[in-house]
K.L.:
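Here it is: the structure, laid out below.
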Amino acid sequence: MRLSPAVRLSEYFMPTLRETPSEAEIVSHRLMLRAGMIRQESAGIYSWLPTGYRVLRKIEQIVRDEMDRIGCHEVLMPTIQSADLWRKSGRYEDYGKEMLRITDRHEREMLYGPTNEEMITDIVAEHIKSYKDLPRMMYHIQWKFRDEVRPRFGVMRGREFLMKDAYSFDISPEAGRISYNKQFVAYLRLYARMGLKAIPMAADTGPIGGDMSHEFIILAETGESQVWCNTDLLELDLLNMDIDHRNAEQMSDVIGKVTSYYAATDEMHDEAKYQAEVPADKQMTARGVEVGHIFFFGDKYSAPMNAKVQTADGSFAPVQSGSYGVGVSRLVGAIIEACHDDNGIVWPEEVAPFKVGLINLRVGDEACDAACEDFYAKLQAAGVDVMYDDRDMRAGVKFADMDLIGLPWQVVIGPKGVANGIVELKSRKTGEKEELSPEAALAKLVG
RNA sequence: CGGGGCGUAGCGCAGCCUGGUAGCGCAUCUGCUUUGGGAGCAGAGGGCCGUUGGUUCGAAUCCAGCCGCCCCGACCA
């Protein structure tokens with residue numbers, strides 16, 4: 001799981017492109033290709049190259065942290081599933097052509113999983129027999145395949161994609177709401193930690209009904225759906241609300257507050273309600289990208305799949321479930337959509353492939369090399385992720401590459417600065433440059 | 001799944017209309033000069049022109065099929 005803390009660009013694989021490959025239309029796709037993060041293998045299917053893969057893993061890790069925090073435990077289910085499992089739930093026929101069906105050498109019908117409700121329900125059915133074993137929550141982070149008619153926008157809508165899907169199991173719908181709320185709170189936190197403003201919006205619950213489905217949408221010009229919301233919602237400091245997930249009442253209050261503001265995608269938008277509830281100066285309409293979807297569906301799968309537990313009075317009841325998805329690979333693109341400028345990507349620090357990019361302006365100059373090596377070693381010793389550009393190339397190329405890949409901090413060390421005992425520290429986000437002693441720069445980066 | 005477009009060097013493209021030994025820029029390699037925001041000069045390498053078939057003395061170019069990819073719409077984490 002651990003990411004290597006430091007790399008030298010002279011030995012790293014990061015094939016940056018000066019020109020944009022012609023297939024890429026939207027900004028995140030263009031930048032991911034130009035930054036050498038991914039390579040397309042087939043429509044909607046990508047290889048993840050070193051920098052791209054690092055970002056993917058950083059996002060995964062944030063998701064893990066937040067799942068662990070609410071007592072949701074990681075498992076790993078296979079990508080290949082048996083058709084029989086899906087026949088039990090009735091979805092084998094319903095899913096249609098989006099499901100990739102395959103046959104093994106014994107002519108057994110298999111499929112590449114588009115999701116895992118059936119499998120996790122089957123696991124629970126076998127092992128959970130009593131209401132005393134509930135509640136339980138589990139998740140996994142696994143590749144999914146949905147044979148979209150038209151994959152597009154790079155990793156934002158691939159056919160193969162990495163998803164975190166969590167599942168909750170409770171004895172009653174009331175208990176189910178508590179699990180749902182825990183996930184809701186975890187979602188608020190995990191997106192905030194990635195530097196994103198993800199807005200929870202009521203989603204269509206379909207035949208189940210009720211108010212227990214939300215989509216999490218981040219705002220981006222190239223988003224696929226139109227959204228309307230109250231700007232007050234964007235001001236909430238979600239990370240510092242300090243919610244105790246063991247306190248059901250407090251969680252419920254917080255979620256009540258967050259969901260009290262008007263926020264809707266086009267499929268749920270009610271113009272009259274919007275005009276009535278949201279003051280004119282707080283109205284905002286924008287484009288959004290769905291980066292998560294949570295859903296309570298009761299016994300939809302547990303009933304047909306016979307996942308029952310014995311209750312306190314000795315009778316049997318199907319477990320009550322919900323599922324909670326985060327599009328992990330989609331988030332890589334979505335974050336770039338929300339965080340870039342004309343020169344390239346501007347990573348939020350928590351998901352950046354490296355925190356610091358160290359640029360040696362004159363490789364081969366003894367003093368300059370020594371100063372860079374020293375700084376590089378000290379960053380590593382302090383546990384700071386660093387990419388050291390020790391390639392023997394012109395300054396302009398290094399600056400352009402570093403801006404393109406978007407590491408939050410750039411440390412520029414050149415012969416002139418070395419002679420005067422200073423390095424330059426640049427913030428990718430603000431573009432501000434400071435000339436500092438190496439010690440002062442290091443202190444800022446380690447903090 | 002409906003509509004549109006594109007496959008020529010690693011990337012971006014020209015050539016195709018009007019058939020006659022495949023070109024430009026960037027990248028790569030060599031040398032020299034340069035060196036704080038994508039350097040200059042000189043030289044070099046690299047192509048089954050997506051694929052199959054047809055027309056023709058001759059096809060990147062014309063015709064047909066197939067494959068792949070992209071865009072717009074309807075659908076999805």
Side-chain angles (χ1 to χ4, degrees), chain A residues 15-26 29-30 33-34 36 39-45 59 63 95-99 113-117 141-166 187 191 198 203-204 213-218 224-225 265 267 288-295 323-334 342-344 359-365 368 389 391-404 410 412-420 422-424 426 431 433 435:
Chain A
T16 54
L17 303 174
R18 191 167 170 177
E19 288 174 286
T20 305
S22 59
E23 78 258 21
E25 203 59 30
I26 66 165
H29 192 196
R30 284 203 297 263
L33 290 168
R34 286 195 52 213
R39 187 180 97 117
Q40 179 165 349
E41 298 298 346
S42 180
I45 300 178
I59 292 172
V63 173
Y95 222 92
K97 289 191 168 177
E98 271 199 10
M99 184 147 77
T115 177
N116 287 68
E117 279 85 4
I141 298 175
Q142 177 64 289
W143 292 93
K144 306 290 190 288
F145 194 91
R146 294 184 191 171
D147 200 359
E148 299 276 346
V149 216
R150 174 144 107 90
R152 63 184 120 169
F153 303 149
V155 299
M156 298 260 287
R157 197 195 301 176
R159 291 193 293 170
E160 187 184 52
F161 59 96
L162 188 62
M163 180 164 93
K164 184 281 304 186
D165 38 325
Y187 275 46
Y191 294 118
D204 194 358
S213 179
H214 288 86
E215 291 178 5
F216 289 77
I217 305 272
I218 67 169
E224 296 182 68
S225 42
T265 59
E267 58 180 15
V289 179
E290 183 183 346
V291 290
H293 195 163
I294 61 177
F295 206 104
S323 70
Y324 312 90
V326 171
V328 176
S329 50
R330 168 179 282 189
L331 270 166
V332 180
D342 290 345
N343 294 325
I359 296 178
N360 181 342
L361 281 181
R362 189 76 60 86
V363 171
D365 177 290
C368 194
D389 191 347
R391 298 173 300 175
D392 185 9
M393 298 225 263
R394 300 179 66 81
V397 175
K398 296 188 172 197
F399 288 132
D401 269 352
M402 203 54 89
D403 283 350
L404 174 63
Q410 298 175 9
V412 180
I413 299 183
K416 292 177 199 163
V418 170
N420 298 319
I422 56 147
V423 301
E424 182 183 290
K426 175 181 155 184
K433 298 174 185 171
E435 297 201 328

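Here is the naming used below: chain letters follow the sequence lines, and residue numbers restart at 1 for every chain.
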K.L.:
What's A:Ala400 touching, base or sugar-phosphate or nothing? Going by heavy atoms closer than 4.0 Å.
P.N.:
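Since a base atom lies under 4.0 Å of A:Ala400, the category is base.
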K.L.:
Sticking with atom P, work out how far B:rG38 lies from B:rC75, rounded to a whole angstrom.
P.N.:
48 Å
K.L.:
Report yes or no: does A:Lys398 contribute a side-chain atom to a donor-acceptor pair with the main-chain N or O of A:Asp392 at less than 3.5 Å?
P.N.:
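Checking the backbone N and O of A:Asp392 against the side chain of A:Lys398, no donor-acceptor pair under 3.5 Å is found.
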K.L.:
I'd like a table of atom pairs between the protein and nucleotides 75-77 of chain B - only N or O on both sides, under 3.5 Å - with the distance next to each one.
P.N.:
| residue | atom | partner | partner atom | Å |
| --- | --- | --- | --- | --- |
| B:rC75 | N3 | A:Arg157 | NH1 | 3.1 |
| B:rC75 | N4 | A:Arg152 | NH2 | 3.2 |
| B:rC75 | N4 | A:Arg157 | NH2 | 3.2 |
| B:rC76 | O2' | A:Arg146 | NH1 | 3.4 |
| B:rA77 | O3' | A:Glu290 | OE2 | 2.3 |
| B:rA77 | N6 | A:Gly158 | O | 2.8 |

K.L.:
Hey, does A:Lys416 reach any base, or is it just sugar-phosphate, or nothing, if we go heavy atoms under 4.0 Å?
P.N.:
base
K.L.:
How would you label the contact of A:Arg150 with the nucleic acid (heavy atoms, under 4.0 Å): base, sugar-phosphate, or nothing?
P.N.:
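Base, at least one base atom sits under 4.0 Å.
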K.L.:
Closest-nucleotide mapping onto RNA chain B: is A:Asn343 or A:Gly154 further toward the 5' terminus? I mean the 5' end.
P.N.:
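Mapping each residue to its closest nucleotide by heavy atoms, the 5'-most match is A:Asn343.
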K.L.:
Considering only residues two or more places apart or on different chains, which pairs with a residue in residues 146-156 of chain A satisfy side-chain hydrogen bond (donor to acceptor under 3.5 Å, both in side chains)?
P.N.:
A:Asp147-A:Arg159
K.L.:
For A:Ser42 and B:rG68, is the shortest distance between a side-chain N/O and OP1 or OP2 below 4.0 Å?
P.N.:
no
K.L.:
Distance check needed: B:rC29 P versus A:Met393 CE, whole Å only.
P.N.:
10 Å
K.L.:
Is there a donor-acceptor pair under 3.5 Å between the side chain of A:Ser323 and the backbone N or O of A:Ile294?
P.N.:
no
K.L.:
Watson-Crick or G-U wobble partner for B:rC67, using a 3.5 Å limit on both distances?
P.N.:
B:rG7
K.L.:
In whole Å, measure the gap between the P atoms of B:rC71 and B:rC62 for me.
P.N.:
26 Å
K.L.:
Measuring only the P atom in each nucleotide, how far is B:rA22 from B:rG37? A whole number of Å is fine.
P.N.:
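It works out to 43 Å between them.
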K.L.:
Using the C1' atom on both, measure B:rC32 against B:rU18 and round to a whole Å.
P.N.:
47 Å
K.L.:
Provide the Watson-Crick or G-U wobble partner of B:rU35, both distances under 3.5 Å; none if there is no partner.
P.N.:
none
K.L.:
How close or far is atom P of B:rU28 from atom CG of A:Leu17, stated in whole angstroms?
P.N.:
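Going from CG in A:Leu17 over to P in B:rU28 covers 12 Å.
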K.L.:
If I take atom CZ in residue A:Arg391 and atom P in nucleotide B:rA39, what distance separates them, rounded to the nearest angstrom?
P.N.:
12 Å
K.L.:
When you compare the side chain of A:Glu224 with that of A:Arg157, does any pair of heavy atoms fall below 4.5 Å?
P.N.:
yes
K.L.:
Taking the side chain of A:Arg394 as heavy atoms from C-beta outward, which of B:rG37, B:rU34, B:rC69 is closest to it?
P.N.:
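Selected nucleotide: B:rU34.
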K.L.:
Are the side chains of A:Asn116 and A:Gln142 in touch, meaning some heavy atoms are under 4.5 Å apart?
P.N.:
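The answer is no; the side chains never approach within 4.5 Å.
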K.L.:
Can you tell me the pairing partner of B:rA42 across any strand shown, Watson-Crick or G-U wobble, with both distances under 3.5 angstrom?
P.N.:
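Base-paired to B:rU30.
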K.L.:
Is the backbone N or O of A:Ile218 less than 3.5 Å from a side-chain atom of A:Tyr191, with the two atoms forming a donor-acceptor pair by type?
P.N.:
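Judged by distance alone, no pair lies under 3.5 Å.
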K.L.:
Measure CD1/A:Ile359 against P/B:rG38 and give the value in whole Å, please.
P.N.:
13 Å
K.L.:
Please give, in whole Å, the distance from B:rG36 P to A:Met402 CE?
P.N.:
17 Å
K.L.:
Using side-chain heavy atoms (C-beta onward) and a distance below 4.5 Å, is A:Glu160 in contact with A:Phe145?
P.N.:
yes
K.L.:
Send over the distance from A:Glu23 CD to B:rC11 P, rounded to a whole Å.
P.N.:
9 Å
K.L.:
Considering every strand shown, what is the Watson-Crick or G-U wobble mate of B:rG2 when both distances are under 3.5 Å?
P.N.:
B:rC72
K.L.:
Tell me whether the OP1 or OP2 atom of B:rC1 has a side-chain N or O from A:Lys97 closer than 4.0 Å.
P.N.:
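So the side chain of A:Lys97 is within the cut-off, an N or O lying under 4.0 Å from OP1 or OP2 of B:rC1.
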K.L.:
Heavy atoms under 4.0 Å, any strand shown: does A:Thr115 hit a base, just sugar-phosphate, or nothing?
P.N.:
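Nothing: the residue A:Thr115, judged by heavy atoms under 4.0 Å, touches no strand.
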K.L.:
For A:Asp401, report the nucleic acid contact type (base, sugar-phosphate, nothing); a contact means any heavy atom under 4.0 Å.
P.N.:
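Base, at least one base atom sits under 4.0 Å.
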K.L.:
How about A:Phe399 and A:Val412: do any of their side-chain heavy atoms sit closer than 4.5 Å?
P.N.:
yes
K.L.:
What I'd like to find out is whether the side chain of A:Val289 reaches to under 4.5 Å of the side chain of A:Arg330, using heavy atoms alone.
P.N.:
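Heavy-atom side-chain distance check passes, below 4.5 Å.
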K.L.:
Assess whether one donor atom and one acceptor atom, taken from the side chain of A:Arg34 and the base of B:rG38, lie less than 3.5 Å apart.
P.N.:
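Such a pair is found, so the answer is yes.
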K.L.:
Give none if B:rA77 has no partner; otherwise give the nucleotide forming a Watson-Crick or G-U wobble pair with it, both distances under 3.5 Å.
P.N.:
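In the structure as shown, B:rA77 has no Watson-Crick or wobble partner.
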K.L.:
On a whole-Å scale, what distance lies between the P atoms belonging to B:rA77 and B:rG65?
P.N.:
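Each nucleotide's P atom is 38 Å from the other's.
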K.L.:
Any donor-acceptor pair under 3.5 Å linking the side chain of A:Tyr95 with the backbone of A:Pro114?
P.N.:
no
K.L.:
Hey, does the side chain of A:Gln40 come within less than 4.0 Å of B:rG68's phosphate (OP1/OP2), counting only N and O?
P.N.:
no
K.L.:
Rounded to whole angstroms, how far apart are CG on A:Leu33 and P on B:rG12?
P.N.:
10 Å
K.L.:
Using the C1' atoms only, state how far B:rA14 lies from B:rC1, rounded to an integer number of Å.
P.N.:
35 Å
K.L.:
Looking only at the side chain of A:Glu19 (C-beta and beyond, no hydrogens), which of the listed nucleotides B:rG25, B:rC69, B:rG36 gets closest?
P.N.:
B:rG25
K.L.:
If each of A:Asp403 and A:Phe153 is mapped to the nucleotide of RNA chain B with the nearest heavy atom, which maps nearer the 5' terminus, i.e. the 5' end?
P.N.:
A:Asp403
K.L.:
For A:Glu25 and B:rG4, give me the distance from atom CD to atom C1', rounded to whole Å.
P.N.:
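After rounding, the gap between these two atoms is 13 Å.
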K.L.:
Considering only atom P, compute the distance from B:rC11 to B:rU51 and round it to an integer number of Å.
P.N.:
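The same atom, P, in both gives a distance of 15 Å.
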K.L.:
Can you tell me how far P in B:rG54 sits from the matching atom in B:rC13, rounded to whole Å?
P.N.:
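After rounding to an integer number of Å, I get 33 Å for this pair.
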K.L.:
Would you mind pulling out the nucleotide paired to B:rC57, Watson-Crick or G-U wobble, both distances under 3.5 Å?
P.N.:
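Base-paired to B:rG20.
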